[in-house]
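As a basis for the values below, the full set of heavy atoms in this structure was taken, side chains included, without hydrogen atoms, waters or symmetry mates. Throughout, protein chains are lettered first and strands after them, A, B, ... in sequence-line order, and every chain is numbered starting at 1.
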Number of protein chains: 2
Amino acid sequence: MKLTEAKQQFISSWGAFGTHWGINRTMAQIHALLLITPDPLTQDDIMDELNISRGNTNMNIRELINWGLVERVLLTGERKEYFSAEKDIWKVIKQIVKERKKRELEPMMKLLDQLEEVEGDKRDKHVKTFIDTVSSIKKLGKQADKTLDVMIRAEESWFVGSIMKMFK
Amino acid sequence: MKLTEAKQQFISSWGAFGTHWGINRTMAQIHALLLITPDPLTQDDIMDELNISRGNTNMNIRELINWGLVERVLLTGERKEYFSAEKDIWKVIKQIVKERKKRELEPMMKLLDQLEEVEGDKRDKHVKTFIDTVSSIKKLGKQADKTLDVMIRAEESWFVGSIMKMFK
DNA sequence: CCGAAGTTTCAAAAAATATTGAAAGTTTAA
DNA sequence: TTAAACTTTCAATATTTTTTGAAACTTCGG
């Protein structure tokens, strides 16, 4: 397979993959493009490469910056802004986990705390089932929260290395 | 908070939560409803409770069954089919992880295997960056695959219990 | 201060996704 | 075998999400 074709494949699959994870197609594609490109790119480079409009490119780059996955790079003597993606995939994963934890897991935990305090007699099976369900989601959610914190602080070697063998 | 209100909240938040995870709103809502309802429900019960059409209900129940999260229950002496959700949340999580691994992670790994074999001189920095990116995603993906396998086979106590303390 | 180069915004249009509901299909009791 | 009860399908419709691109805005050298 030629590089050009492989790049296309990678970008388009990464985009499709992203849509299963609540990330929009274009955002994932821009990220993919920046991951596999050695040097920083301008907004126009990205527009041309992916055939998308200026506005769309701008919005999604901004969103990638919000997620902490892409940064602005100012090349000396250049008027234009360049963009470049973090290339260390372990850092990328940790950053995504961190953001999603903050955006999704934490608000869900807050809601469950409230819902657990529903009024009513626990001898009523409707009340009981509700509280039991909420509590057990909360319990696992709290654990997931802790586990992800450990992961966010960890080095790649922790994940890939020998410690994990203990679980085999 | 009254039970009725709490139920509504739970269902609607679970639905919104689902959309961030590539699951459609209605599917997540039906799942939420079944999770907090002690007895199995019929399709009509679900339609009435969530105010959705017959077709939509039917499709999404079917999808939940495909995911292994809901099962048909035949009550003796009843003509109608009833539906009920697995209530053990750890089992639910494992089932979701298992399905998503099969549907998403595994196909991605296959693609990366192909893309790693791109033609070209590794001294060309475009080729090098591409291969390095693909390889490192593959490496972490393989590790994630193994880790999730361990998780799928594990008991809840593994996740919540003392073993995890080693990582703190 | 001017104007060219570059960036951002956002209302409108397009595309993708989800929902409806009536018709077709299936099952079962008598 | 019939018909009532129940389930499934799917073309049309509605909703949501994404994308476009022109206009507004910002920045900077001279």
Side-chain angles (χ1 to χ4, degrees), chain A residues 11-34 40-67 70-84 100 103-104, chain B residues 11-34 40-67 69-84 103-104:
Chain A
I11 290 168
S12 100
S13 306
W14 203 248
F17 203 63
T19 58
H20 288 127
W21 288 88
I23 290 157
N24 95 20
R25 190 185 257 39
T26 306
M27 183 171 152
Q29 289 186 347
I30 294 175
H31 188 222
L33 174 63
L34 290 172
L41 297 178
T42 64
Q43 189 162 294
D44 290 76
D45 293 336
I46 295 169
M47 281 170 60
D48 295 347
E49 197 82 39
L50 302 178
N51 265 293
I52 54 179
S53 71
R54 183 170 301 285
N56 196 9
T57 308
N58 191 274
M59 271 180 136
N60 286 105
I61 290 176
R62 200 143 31 82
E63 195 60 10
L64 283 165
I65 293 172
N66 281 344
W67 275 76
V70 164
E71 60 175 19
R72 270 177 229 282
V73 178
L74 294 164
L75 297 193
T76 44
E78 285 267 16
R79 182 75 179 277
K80 275 189 190 124
E81 288 180 336
Y82 284 75
F83 300 96
S84 122
R100 298 200 71 168
R103 292 167 192 225
E104 294 158 36
Chain B
I11 291 168
S12 98
S13 307
W14 204 249
F17 202 62
T19 58
H20 287 127
W21 288 88
I23 289 158
N24 95 18
R25 189 185 253 56
T26 305
M27 184 172 152
Q29 289 186 347
I30 295 174
H31 188 220
L33 174 64
L34 291 172
L41 298 178
T42 64
Q43 188 163 295
D44 289 76
D45 294 335
I46 295 169
M47 281 170 59
D48 294 347
E49 198 81 39
L50 303 178
N51 267 295
I52 54 180
S53 72
R54 183 170 300 285
N56 195 11
T57 309
N58 191 275
M59 272 179 132
N60 285 104
I61 289 175
R62 201 144 30 81
E63 196 61 9
L64 283 164
I65 293 172
N66 281 344
W67 275 76
L69 298 173
V70 164
E71 60 174 19
R72 274 178 226 282
V73 178
L74 294 164
L75 298 192
T76 45
E78 286 267 16
R79 180 74 180 277
K80 275 190 190 120
E81 287 180 335
Y82 283 75
F83 299 97
S84 124
R103 294 169 191 223
E104 294 158 35

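Distance Gln43(B) CD to dT9(D) P: 11 Å, rounded to the nearest Å. Separating the CD1 atom of Ile30(B) from the P atom of dT19(C) is a distance of 9 Å, rounded to the nearest angstrom. When the C1' atom of dG6(C) is taken as reference, atom CZ of Arg72(A) falls 12 Å away, rounded to whole Å. The NZ-C1' distance, from Lys80(B) to dA5(D), rounds to 9 Å in whole Å. For the pair Ile46(B) CD1 and dT19(C) P, the computed distance is 14 Å after rounding to whole Å. In this structure, the CG atom of Leu75(A) is 13 Å from the P atom of dG6(C), given to the nearest Å. In this entry the distance linking CD1 of Ile61(B) with C1' of dT19(C) reads 15 Å, nearest Å. Rounding to whole angstrom units, CG of residue Asp45(B) and P of dC6(D) are separated by 12 Å.
Considering only residues two or more places apart in sequence or on other chains, Glu104(B) meets the salt bridge (charged side-chain N to carboxylate O under 4.0 Å, His left out) condition with Arg100(B). Partners of Arg103(A) by side-chain hydrogen bond (donor to acceptor under 3.5 Å, both in side chains), not counting sequence neighbours, listed by chain and number: Glu99(A). Under the salt bridge (charged side-chain N to carboxylate O under 4.0 Å, His left out) criterion, Arg72(A) pairs with Glu81(A), sequence neighbours left out.
Annotation: side chain of Ile30(B) is in contact with side chain of Leu64(B) (closest heavy-atom distance under 4.5 Å). With a 4.5 Å cut-off on side-chain heavy atoms, Gln29(B) and Trp14(B) do not count as touching.
Sorted by first then second residue, the side chain to side chain donor-acceptor pair (under 3.5 Å) pairs that include residues 42-51 of chain B, not counting sequence neighbours, are Thr42(B)-Asp45(B), Gln43(B)-Asn58(B), Asp44(B)-Arg54(B).
In this model, the phosphate group of dT7(D) is not approached by any side-chain N or O of Asn58(B) to a distance below 4.0 Å at OP1 or OP2.
When every heavy atom of Gly18(B) is checked against every heavy atom of Ala28(B), the shortest pair comes out as CA-CB, 4.2 Å. Minimum interatomic distance between Ser53(B) and Thr57(B) (heavy atoms only, all atoms of both residues): O-OG1, 2.6 Å.
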Strictly under 3.5 Å: I want the nitrogen or oxygen pairs between protein and nucleotides 19-23 of chain D, one per line.
residue	atom	partner	partner atom	Å
dT19(D)	OP1	Thr26(A)	OG1	2.6
dT19(D)	OP2	Thr26(A)	OG1	2.7
dT19(D)	OP2	Asn56(A)	OD1	3.4
dT19(D)	O5'	Asn56(A)	ND2	3.3
dT20(D)	OP2	Ser53(A)	N	2.7
dT20(D)	OP2	Ser53(A)	OG	3.0
dT20(D)	OP2	Asn56(A)	ND2	3.2

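Only one option out of Leu69(B), Val70(B), Ile61(B) pairs with Leu34(B) in a side chain to side chain contact (heavy atoms under 4.5 Å, CB included); it is Val70(B).
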(request) If a protein heavy atom is under 4.0 Å from the base, mark B; if only from the sugar-phosphate, S; if neither, -; do that for nucleotides 24-30 of chain C going 5' to 3'. (result) ---BS--
